[in-house]
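Inspection log for the structure reproduced underneath, given as structure tokens.
The analysis underlying the following values was restricted to heavy atoms, covering all of them including side chains, and did not include hydrogens, waters or symmetry mates.
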Amino acid sequence: MTGRSSRLFNALRLDVTLQARYLFPQIYAVVTVIYILLFKFTDFRHSMMAFLPAFLFSEPGLLGFYFAAVQVFFERSQRTITAVAVTPLRPGEYIGALALASATIATVSGLTVYGAVAGFSELAGKGGMTALVLLAPALFLTATLHGMLGVGVAAHYTDFTHFLIGSLAVIVPLTMPLLTLFGWLPLWATVWVPSYPAVFSLKSAMARPPDIATYFALFGPLLLWNGLVFFWVRRVFERKVRSRLETF
């Protein structure tokens with residue numbers, strides 16, 4: 001194992017431990033159960049294909065954004081984030097480990113929701129397992145995208161209250177593709193938003209049969225946005241964390 005991969009693995013292991021300490025898996029589990037119950041015992045069960053993509057997007061998307069930011073503030077208050085400056089761990093490795101750890105939980109939660117809501121007969125039917133296979137990477141990249149955005153926005157604030165207010169400037173545009181999903185906004189109004197390929201890749205994966213061509217046409221931009229956001233967040237960390245660590 002090379003030095004870089006070793007550092008990333010150790011950072012990832014630490015993030016998993018910290019997220020367990022902060023009860024992130026338990027919170028995701030509660031949200032997962034709530035979503036399943038909503039689609040099993042409310043009127044949502046009659047419109048699964050219309051609403052489920054939005055619900056699946058919210059776990060790795062909105063929850064992932066805020067959970068990643070919360071972890072940054074927890075680590076900042078406990079001074080564990082100083083490892084970025086005083087150890088060989090690089091900002092990119094710190095960001096990558098945090099995003100990967102958060103994305104793993106979110107992906108498992110999203111797949112659990114889909115499997116439970118769709119049911120065994122649906123999964124066993126035409127395109128059922130294909131949808132499950134396609135959903136996994138889409139959910140994962142949705143989670144890494146929003147997790148990194150949460151980290152980047154959190155780096156601009158020194159307290160959580162101001163972060164919550166400031167985050168609205170990012171969260172509002174990120175949720176706009178949901179309005180296009182429901183037909184309330186035209187395509188051109190939201191296609192430029194980084195979360196657009198995330199929302200519609202989930203929808204295309206759950207179509208019957210799955211719209212594989214559309215899925216892969218959206219997967220590329222989703223991957224590209226992940227790369228662009230990673231470089232932006234790494235630059236923010238190098239400027240806000242390493243050079244101004246005393247404010248953390």
Side-chain angles (χ1 to χ4, degrees), residues 27-66 103-147 171-223 225-226:
I27 297 173
Y28 267 109
V30 171
V31 173
T32 298
V33 171
I34 291 173
Y35 283 0
I36 291 171
L37 293 177
L38 283 174
F39 279 94
K40 287 291 187 181
F41 300 107
T42 71
D43 288 341
F44 281 118
R45 68 183 186 274
H46 302 303
S47 306
M48 184 184 78
M49 295 308 298
F51 290 99
L52 190 54
F55 278 85
L56 288 182
F57 169 77
S58 70
E59 276 199 291
L62 303 183
L63 278 181
F65 178 92
Y66 283 108
T104 300
I105 303 174
T107 301
V108 171
S109 296
L111 292 176
T112 301
V113 171
Y114 177 76
V117 171
F120 178 78
S121 59
E122 180 73 14
L123 292 178
K126 184 178 180 180
M129 291 306 299
T130 301
L132 201 63
V133 171
L134 293 176
L135 278 174
L139 287 167
F140 192 85
L141 289 180
T142 299
T144 54
L145 174 68
H146 288 80
I171 285 296
V172 171
L174 287 176
T175 56
M176 285 174 58
L178 294 177
L179 300 180
T180 299
L181 178 68
F182 295 122
W184 299 335
L185 280 179
L187 172 66
W188 60 263
T190 62
V191 70
W192 53 272
V193 180
S195 56
Y196 178 90
V199 172
F200 285 90
S201 63
L202 297 177
K203 178 184 178 182
S204 61
M206 289 189 294
R208 287 295 174 268
D211 188 348
I212 296 177
T214 300
Y215 174 87
F216 282 107
L218 293 166
F219 193 83
L222 180 56
L223 193 61
W225 275 116
N226 267 268

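Proximity of V117 to Y35: side-chain heavy atoms (C-beta onward) are nowhere separated by under 4.5 Å. Put simply, the side chain of L178 reaches to within 4.5 Å of the side chain of F57, judged on heavy atoms. L52 has its side chain within reach of V113: a pair of non-hydrogen atoms, C-beta onward, lies under 4.5 Å apart. Within the 4.5 Å cutoff, no side-chain heavy atoms of V108 are placed close to those of Y28.
The two residues L145 and P194 come nearest to each other via the heavy atoms CD2-O, 3.6 Å. The two residues A50 and L181 make their nearest non-hydrogen contact at O-CD2, 4.4 Å. Nearest heavy-atom pair, L139 versus L202, reported as atom, atom and distance to 0.1 Å: CD2-CD2, 3.8 Å. M176 approaches A189 most closely through the heavy-atom pair CE-O, 3.8 Å. Heavy-atom minimum distance, A116 versus I36: CB-CD1, 3.5 Å. Taking all atoms of both residues into account, the shortest heavy-atom contact from K40 to R45 is O-CD, 3.5 Å.
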- [ ] Under the side chain to side chain donor-acceptor pair (under 3.5 Å) rule, what do T32 and T112 come out as? Steps first, then yes or no, please.
- [x] CA-CA 7 Å; T32 298; T112 301; over 6 Å; no
- [ ] Show your reasoning for whether ring pair (Phe, Tyr, Trp, His ring centres under 6.0 Å) applies to Y196 and F200.
- [x] CA-CA 6 Å; Y196 178 90; F200 285 90; 4.5 Å; yes
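Here the CD-OG1 distance, from E59 to T142, works out to 11.5 Å after rounding to the nearest 0.5 Å. With values rounded to the nearest 0.5 angstrom, L185 atom CG is found 6.5 Å from T190 atom OG1. Between S195 atom OG and I171 atom CD1 the span is 9.0 Å, to the nearest 0.5 Å. Taken to the nearest 0.5 Å, the CD1 atom of I212 stands 6.0 Å off from the OG1 atom of T130. Note: M48 CE to F55 CZ = 13.0 Å, rounded to the nearest 0.5 Å.
One N or O on the side chain of Y215 and one on the backbone of L134 form a donor-acceptor pair closer than 3.5 Å.
Note on ring orientation: taking the six-membered ring where Trp is involved, the planes of F44 and F39 are tilted (angle from 30° to 60°).
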